[in-house]
Amino acid sequence: MPFSFDPTVDRGRRHLIGTGLATTALAVAGSVSAADNKVWLDYDQATLDKVYDQVNYAPNIKVVLGRYATNSDITRARLGEPKRLAYGESKVEALDLYPAASQNAPIHIFIHGGAWRAGSAQSYGFLADPFVARGAHMVIPDFTNVLENDGNLMPMTEQVRRCIAWVYQNAESFGGDKNRIYLSGHSSGGHLGGVAVTTDWEKEYGVPADVVKGAVLISGMFDLKPVRLSSRGNYVAFTDEIEQALSSQRHLDKLNTPVVLVYGDQETPEFMRQSKDFAAAAQKAGKSVQLIEGKGYNHFEIAETLANPFGIAGFAALKQMKL
């Protein structure tokens, strides 16, 4: 078709083209702005904050935490009050021991969660039942929280590590087998458990590299970069050094413990991803790792399965211990 020039038509075309270019420019600017707002993966700040706050994904949180407390009271009524043993000098550095009936029994240590700022050994006594019933000591330590340490995560991390070393060094005093120590942790306790199993135990604490013979880490956090970027950074004083030191996924060369990672499919997307990514990285590094998804469980409900010998986490932990 031959080209023809009509000034009237051309003026309209130029207007439309100009409008189109302006619209395109705004769209591009909007997409760039949206990209600029991404702070982690595809999350903007508000969404990242949401996926690191379990309240948004567990509407029954108060009910479940109430069960923790009620069932712990029932457990203590049945088993008796735990022995309170000091593993350090400060008042908080003590543990609840629910003892097995037999001597030289294996030991299971549970590290509680609470977003690093809450929780206590007393609230998790209900977890002792299946372990004691099958001949294992249950140890649940208390430790400081981040709010008591001006946002510093290191004190509680060091207390958890010292507790594990103390249990190894003092197992015989309460009828435990120091060569059969196992570990579990939930949420921020899962994070602390991950740090524990990637510790250089021989160098730092003078105990065997495989002092922990198996670990079940429930809904933990294993790389702190996105956590640091979330609203948790408002009360945790993250630094580059702390992020690096306490991101267990970055220290798999020190992992000498078979690990089972458990999470619920009703948790936040980030908590699910954290377990999946840790499992993939550990497998790639040639480590012994198993990943288990709990169908129909949110973040707080999945921890309750550790109290059931046929539950997802409970079965995994008892299987590790050959109980």
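In this chain, numbering begins with 1 at the start of the sequence shown.
- Annotation: salt bridge (charged side-chain N to carboxylate O under 4.0 Å, His left out) contacts involving residues 151-161, sequence neighbours excluded, are absent.
- Every side chain to side chain donor-acceptor pair (under 3.5 Å) that Asn60 has, sequence neighbours left out, goes to Asn298, Glu301.
- For Phe174, the ring-ring contact (aromatic ring centres under 6.0 Å, His included) criterion is met by His137, not counting sequence neighbours.
- Closest non-hydrogen pair, Arg76 versus Asp73, comes out as NH2-OD1, 3.0 Å.
- Closest approach of Tyr57 and Glu267 over heavy atoms only: CD2-O, 3.8 Å.
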If you apply the rule salt bridge (charged side-chain N to carboxylate O under 4.0 Å, His left out), what do you find for Arg84 with Asp142, and how did you get there?
CA-CA 10 Å; Arg84 190 70 172 168; Asp142 276 313; 2.8 Å; yes

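- The stretch residues 166-188 participates, sequence neighbours left out, in these salt bridge (charged side-chain N to carboxylate O under 4.0 Å, His left out) pairs: Asp177-Arg180.
- Here the closest non-hydrogen pair linking Ser219 and Ile302 is OG-CG2, 3.5 Å.
- Looking at Arg162 and Glu89, no side-chain N of the basic residue comes within less than 4.0 Å of a carboxylate O on the acidic one, giving no salt bridge.
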Applying side chain to side chain donor-acceptor pair (under 3.5 Å), run through Gln169 and Tyr205 and close with a yes or a no.
CA-CA 10 Å; Gln169 293 160 348; Tyr205 294 91; over 6 Å; no

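- Residues satisfying the ring-ring contact (aromatic ring centres under 6.0 Å, His included) test with Tyr182, not counting sequence neighbours, are none.
- Tyr263 meets the ring-ring contact (aromatic ring centres under 6.0 Å, His included) test with no other residue; sequence neighbours excluded.
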